[in-house]
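Below you'll find the structure, written out as structure tokens, and then a few comments.
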There are 2 protein chains.
Amino acid sequence: MAKHTELGMDKLVIRASRKTKQRDAVRAILEGAQRPLSVDELLKAASRRVKGLGVATVYRAVGALVAEGWIETVEIPGEPARYERADKGHHHHFQCEKCDRAFDVAGCLDNLRKLAPPRFRVKQHSVTLYGLCAACAS
Amino acid sequence: MAKHTELGMDKLVIRASRKTKQRDAVRAILEGAQRPLSVDELLKAASRRVKGLGVATVYRAVGALVAEGWIETVEIPGEPARYERADKGHHHHFQCEKCDRAFDVAGCLDNLRKLAPPRFRVKQHSVTLYGLCAACAS
DNA sequence: CTGTAAATGAGATTAGCTTATCATTATCAA
DNA sequence: TTGATAATGATAAGCTAATCTCATTTACAG
């Protein structure tokens with residue numbers, strides 16, 4: 001599944017991807033994004049750079065970036081998946097009920113795991129705040 | 001939309017529902033449930049009481065119970081909706097990655113809203129823990 | 001008991017998101 | 001420059017959850 005690689009000194013390196021303007025565009029959008037973006041948002045934004053960009057291509061690009069660990073999937077109930085750079089550190093999200101955009105929320109109360117019943121093994125958790133973002137609240 | 005009513009001394013009372021064994025079964029299952037149940041789980045459980053129970057009927061029963069406020073919807077990313085009695089008070093959920101069942105988690109750290117960026121208006125929040133439930137962890 | 005209309009159940013249908021197909025285009029090693 | 005082949009884009013197809021259709025059954029007021 002199309003995997004970009006930066007190791008360049010070995011013949012064993014698997015080169016399964018090529019550099020294209022559509023992938024670059026998707027990557028660039030995510031690079032500069034301040035919040036998690038859905039495929040549709042990515043498509044809209046990246047289309048401005050690459051005319052005629054298709055949805056399938058965005059899905060493929062996103063799949064590749066997830067596979068290489070450069071971005072992560074953000075799951076919010078009732079919402080399509082969003083994607084954001086994986087190097088942001090542990091944090092959570094805010095979902096605006098009006099404009100439907102997702103935002104990052106810094107920090108986390110990590111004694112959350114203590115809430116779990118005895119004998120339950122907590123591996124991860126997710127916190128989502130809902131309401132109105134700054135723009136929509138005014 | 002099929003609304004059961006218990007007020008019986010007024011002619012203005014809207015009677016839009018009849019008492020049936022399938023609705024009773026669904027209600028009874030939810031009554032005794034210790035955790036949020038999906039439509040499939042409800043169908044399976046209630047089918048033992050009412051032979052031949054159909055999915056559509058469960059959806060309709062659940063819809064009515066939500067409408068009358070007796071149960072609430074529990075949304076978990078990537079999971080079908082679960083339902084639980086509405087009188088449980090504020091709490092959150094644990095999703096077992098192995099058996100795929102959802103469980104209740106008592107309590108809540110309600111300073112969560114403080115995590116939101118300035119000017120954001122937080123109306124509600126949801127916390128979901130992931131991992132292995134007691135049964136699956138052993 | 002009876003008639004009427006709500007409720008049921010089987011299956012078709014919709015809706016939203018994601019993946020697969022395939023002819024065409026474009027990358028890149030040689 | 002060129003050839004193989006990965007990537008693209010349009011769209012069909014898939015998936016899952018939930019709703020709708022409609023002939024039949026059933027509740028229940030009178």
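So you know, we letter chains A, B, ... as the sequences are listed, proteins then strands, and number each from 1. Hydrogens, waters and symmetry mates are skipped; everything else that's a heavy atom, side chains included, is used.
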| task | Please give the angle, rounded to 10 degrees, between the axes at the start and the end of the helix from C:dC1-D:dG30 to C:dA30-D:dT1, where five pairs define each axis. | result | 30°

| said: Evaluate A:Arg85 against A:Glu68 for salt bridge (charged side-chain N to carboxylate O under 4.0 Å, His left out), listing each step before the verdict. | reply: CA-CA 11 Å; A:Arg85 289 177 56 189; A:Glu68 76 181 54; over 6 Å; no

| note | Rounded to whole Å, CZ of A:Arg49 lies from P of D:dT8 at a distance of 16 Å

| said: I want to check one thing: is the phosphate of C:dG9, taken as OP1 and OP2, less than 4.0 Å away from some side-chain N or O of B:Thr57? | reply: yes

With the criterion being N/O to N/O and under 3.5 Å, what pairs connect the protein with nucleotides 10-18 of chain D, and how long is each?
unit_1 : atom_1 : unit_2  : atom_2 : d
D:dA18 : OP2    : B:Tyr59 : OH     : 3.0

| query | Counting only heavy atoms not in B:Lys44, do more than 12 sit closer than 6.0 Å to its NZ atom? | reply | no

| Between B:Gln22 and C:dG9, is there a side-chain N or O to OP1/OP2 distance below 4.0 Å? | yes

| Which word best sums up how the rings of A:His92 and A:His125 line up, parallel for under 30°, tilted for 30 to 60°, or perpendicular for over 60°? | tilted

| task | Decide whether A:Leu129 and A:Ile76 are clustered together by the hydrophobic rule: side chain heavy atoms of Ile, Leu, Val, Met, Phe, Trp, Tyr closer than 4.5 Å, transitively. | result | no

| query | Charged N to carboxylate O below 4.0 Å: is that the case for B:Glu79 and B:Arg101? | reply | no

| task | Check the distance between C:dG16's P and A:Leu43's CG and give it to me in whole angstrom. | result | 17 Å

| request: Could you tell me whether A:Lys98 atom NZ has more than 12 heavy atoms of other residues or ligands within 6.0 Å of it? | output: no

| query | Does a distance-only test, which skips hydrogens and angles, find a donor-acceptor pair under 3.5 Å between the side chain of B:Arg18 and the base of C:dA5? | reply | yes

| query | Using a cut-off of less than 4.0 Å, is there contact between a side-chain N or O of B:Thr20 and OP1 or OP2 of C:dT8? | reply | yes

| field | All salt bridge (Lys or Arg N to Asp or Glu O under 4.0 Å) counterparts of B:Lys114, not counting sequence neighbours | value | none

| query | Taking NZ from B:Lys51 and P from C:dT8, how many angstroms apart are they, rounded to a whole number? | reply | 18 Å

| field | Carboxylate-amine/guanidinium proximity below 4.0 Å for B:Glu84 and B:Arg35 | value | no

